[in-house]
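Below is one structure, written out as structure tokens; comments come after it.
We count ligands from 1, going down the list as the structure has it; atoms in each ligand are counted the same way. These values consider heavy atoms only, across backbone and side chains, with no hydrogens, waters or symmetry-generated copies.
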Amino acid sequence: MRRITIWAFVTSVAVACTASAGIQVSNAVIAEPAGANTALYFEIENTRNEPDRLIGARTEVATAEVHRSFSEGGQMHMEHVASVEVGGGEVVVFEPGGLHVMLFDVDRLQPDQVVVVLLEFEIAGDVEVEAAVKPYAAIVP
Ligand SMILES: [Cu+2]
């Protein structure tokens with residue numbers, strides 16, 4: 001049975017927020033690519049009482065994978081993660097140096113371009129997110 005999804009967009013110049021079945025995604029932003037690959041960052045809020053999991057992502061402009069950055073032996077590395085749990089009532093932040101959605105082989109992205117990405121959740125299903133392309137320096141906290 002297909003889950004019925006209701007989503008709402010609240011869009012301003014730099015912020016897009018999407019809600020779907022208790023999952024809200026905000027502050028979605030893509031780092032302006034310097035080469036073939038880049039990353040998508042955002043915050044997930046789970047407004048339900050039970051956990052959900054981000055299990056994947058997809059977009060027409062790139063091949064997308066959920067990743068985690070970590071440092072080991074003084075060097076930064078990253079790896080694919082199968083899922084990221086967002087507990088009931090919790091917020092999980094995807095940000096430089098931590099969790100991110102890796103975008104491989106991106107097609108020509110321009111500054112301020114808005115890209116549609118579907119984030120795939122175990123319970124909420126696909127959550128559509130609009131992410132603006134920004135210089136990396138504007139994203140680093
Ligand atoms: Cu990565």
Problem set entry | Metal site angle (apex the Cu ion (ligand 1)), SD from Met78 and NE2 from His100, 10 degrees | 100°

Exercise. In terms of side-chain heavy atoms, does Asn27 have a donor or acceptor partner in Glu43 at a distance below 3.5 Å?
Worked result: yes

For this session: Decide whether Val117 and Met102 are clustered together by the hydrophobic rule: side chain heavy atoms of Ile, Leu, Val, Met, Phe, Trp, Tyr closer than 4.5 Å, transitively.
Result: no

Exercise. With a cut-off of 2.8 Å, does any N, O or S atom of Ser69 fall short of it relative to the Cu ion (ligand 1)?
Worked result: no

For this session: Would you check if the distance from the ring center of Phe42 to the ring center of His100 is below 6.0 Å?
Result: no

For this session: Check whether any N, O or S atom of Asn37 sits under 2.8 Å from the Cu ion (ligand 1).
Result: no

Exercise. Going through the checks in order, is the side chain to side chain contact (heavy atoms under 4.5 Å, CB included) test met by Val91 and Ile44?
Worked result: CA-CA 5 Å; Val91 174; Ile44 302 168; over 6 Å; no

For this session: Could you walk me through whether Arg58 and Glu120 pass the salt bridge (Lys or Arg N to Asp or Glu O under 4.0 Å) test, one step at a time?
Result: CA-CA 8 Å; Arg58 59 191 198 277; Glu120 302 163 14; 2.8 Å; yes

Problem set entry | N/O/S from His80 sitting under 2.8 Å away from the Cu ion (ligand 1) | no

Problem set entry | His67 ND1 and Met102 SD subtending at the Cu ion (ligand 1) (10° steps) | 110°

